[in-house]
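See below for the structure under consideration.
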Protein chains: 2
Amino acid sequence: MDTETDRRPTRLDDQIQAERDMLARLGDLPLDLDALVLVSNLHRAVAAIRREFEQTVLAEVRLSWTAFTALWVLWIWGETETRELAHEANVTKGTLSGVVDTLEKRGLVARRRRTSDRRLVTVRLTDEGEALISEVFPRFNREEQRVAELLTAEQRTAMVDGLRRILRTLPS
Amino acid sequence: MDTETDRRPTRLDDQIQAERDMLARLGDLPLDLDALVLVSNLHRAVAAIRREFEQTVLAEVRLSWTAFTALWVLWIWGETETRELAHEANVTKGTLSGVVDTLEKRGLVARRRRTSDRRLVTVRLTDEGEALISEVFPRFNREEQRVAELLTAEQRTAMVDGLRRILRTLPS
DNA sequence: CCCGTGTCGTTCGGCCCCGAACGTTAGGCT
DNA sequence: AGCCTAACGTTCGGGGCCGAACGACACGGG
C-alpha cells in the first residue's frame, strides 16, 4: 500500500467536485439515470429491510432470513420436497441443503427419504419447529406491516404490481 | 433421517390442501397479508434482478454486485476513505475490507495510507480499474433500463418515492 | 508528557450463497 | 437383463456478509 502526503479536499469541496466529476463523466454517455436510481434504491431498500428484520425479530430466535422463509413455507405447505422448498425460499438447492442442515441440528426440521422414489428427500417441521414459527411469524408480520405503513395505498398497489411484472419477466 | 412408506398427495391435492391449511392456520391470526406480499415480492424481485445481473454483465468481467458498486462509487467520487466507501456500497466495513482485497489482487484498485492521519486508508481506481468500470457501466445501465422498462411511468415514480420513504425511515 | 477514550481499518468465526461436480436412483429402450 | 439418460440431493471451493474483537493511531485533560 502506498502512502500519501496530504492535501485532501474537505467534505464540502468534495461533494461539489464529485458532482461535477460525475456530470462530466456521465454527461456524454447515453444514460438512463431514472433506471439507475430505481434499481439502486430497490437494492438499498431491500437490504435495509432485511438487515432490520435480521437484527430484531429474527436475531432473537437466531434465524437467518432464508432459514425463516424455509420454516414459513413448511408451516404453510406442510412436508415439502427439497427442490420445491429451495425454489420457494428463493435459493439454489445447494444453499438450501446447508440451511436445512443447520435447522436440523437445532431440531426444528427433519428430513425423510421417500421409499417410493429413493432420490427424493422431504423436509417437515418438528413440533419444536412448529412452535417456533407460529410464535415468531406474527411478530415478523407486524414488522412487515410497519414497513408497509410507510407507503400510501396507491404506492403499495403500484409497487406490488410493478414487482409482479419484474418477477414475471426475469428468470426467477 | 427417517424413511417414509409412501402415500403422498399429488401436487394438485397438495395445492388445494395447502391453501386450506394456510387459510385455516392464518385465518385466526391478526395478519396483514398485503404487507406480507409487499415485503416478500420486494425481496424476490431484488434477488431476481441481482442474480440476472451477476449472471450476465457482471459474470463476463467476474465482478460481484458489491465489487461492481465499489468500483462505480470510486469512479464517480474519486479516491474515497474506506469507511465512506463501505457505507456507499451498502456493506459493513468488515465486508468491504475483503472486497477491496480481491479487487486489489486483480489490480483494479489501490489502497493508500494517509500520512496526516495514519488510521485512515483511502481507496482509488487504478488505470485498469478505470478502464474496466467505464467499459462495463454502460452495459450495466442498459440492463437497468431493461428492468425499468417493464414498469409504467406511474409505477416507476410511485416505486422510487416509496422506496425513498422506506430508506428515510429504516436505519441504512 | 502521558494516559484515557474514541475512531480507524483489519481480522476472525460463522453462516449464507452460488455453480459445478458427484454418487444415487428411476425409468425407458433395446 | 443391461445400458443410457435424466433427475434427485449432497458436497465442495470460492466468495460475500456480518458482528465482535483487535491493534494502531489521534487527541484532549490532568
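The sequence lines fix the lettering, A, B, ..., with proteins before strands; numbering per chain opens at 1. Quantities reported herein were computed from a predicted structural model and do not represent experimental measurements.
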- Query: Should B:Arg146 and B:Glu149 count as an ion pair when the cut-off is N to O under 4.0 Å?
  - Reply: no
- Does the pair B:Arg106/B:Glu128 count as a salt bridge with the N-to-O cut at 4.0 Å?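 No, this pair does not count.
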Can you tell me if the side-chain N/O atoms of [X] get under 4.0 Å from OP1 or OP2 in [N]?
X       : N      : value
B:Thr95 : D:dC18 : yes
B:Arg50 : D:dC17 : yes
A:Arg51 : D:dC17 : no
B:Gln55 : C:dC18 : no
A:Thr92 : C:dC18 : yes

Please tabulate, one pair per line, all N/O donor-acceptor pairs under 3.5 Å involving side-chain atoms of residues 157-164 of chain A, not counting sequence neighbours.
unit_1, atom_1, unit_2, atom_2, d
A:Thr157, OG1, A:Ala153, O, 3.4
A:Thr157, OG1, A:Glu154, O, 3.0
A:Asp161, OD2, B:Gln155, NE2, 2.6

- Query: Taking the nucleotide of DNA chain D with the closest heavy atom to each, which residue, A:Leu96 or B:Leu96, is nearer the 5' end?
  - Reply: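 The 5'-side residue here is A:Leu96.
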- Query: Name the one of B:Leu74, B:Val123, B:Leu63 that satisfies side-chain contact (heavy atoms from CB on, under 4.5 Å) with B:Leu103?
  - Reply: B:Leu63
Expressed in angstrom and rounded to an integer, what is the separation of [X] atom [atom1] from [N] atom [atom2]?
X        : N      : atom1 : atom2 : value
A:Glu54  : C:dC17 : CD    : P     : 8 Å
B:Glu84  : C:dT7  : CD    : C1'   : 14 Å
B:Arg62  : D:dG15 : CZ    : P     : 9 Å
A:Arg113 : C:dT24 : CZ    : C1'   : 8 Å
B:His87  : C:dC8  : NE2   : P     : 13 Å
A:Asp117 : C:dG28 : CG    : P     : 12 Å
B:His43  : C:dC17 : NE2   : P     : 8 Å
B:Leu58  : C:dG19 : CG    : P     : 13 Å

- Query: Any luck finding a side-chain donor-acceptor pair between B:Glu81 and B:Thr122 under 3.5 Å?
  - Reply: no
- Message: Checking the side chain of B:Thr126 only, and the main-chain atoms of B:Gly107 only, is there a donor and an acceptor separated by less than 3.5 Å?
- Response: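 Answer holds: yes.
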- Task: For B:Arg139, look at atom CZ and say whether over 12 heavy atoms of other residues, nucleotides or ligands are found less than 6.0 Å away.
- Result: yes
- Note on the structure: Of the candidates C:dA26, D:dG16, D:dC25, the side chain of A:Arg118 sits closest to C:dA26
Atom pairs under 3.5 Å: protein N/O with N/O of nucleotides 4-8 of chain D:
unit_1, atom_1, unit_2, atom_2, d
D:dC8, OP1, A:Arg83, NE, 2.9
D:dC8, O5', A:Arg83, NE, 3.4

- Task: Scan B:Thr66 against the nucleic acid and name what it touches under 4.0 Å (heavy atoms): base, sugar-phosphate only, or nothing.
- Result: sugar-phosphate
- Message: Tell me whether the rings of B:Trp65 and A:His43 are parallel (<30°), tilted (30 to 60°) or perpendicular (>60°).
- Response: parallel
- Members of residues 97-107 of chain B that approach DNA chain C, where some heavy atom sits under 4.0 Å away: B:Ser97
- Item | Criterion side chain to side chain donor-acceptor pair (under 3.5 Å) on B:Thr92 and B:Thr95, from CA distance to verdict | CA-CA 5 Å; B:Thr92 63; B:Thr95 299; 3.1 Å; yes
- Query: Rounded to the nearest 0.5 Å, how far apart are CZ of A:Arg142 and CZ of A:Phe137?
  - Reply: 10.5 Å
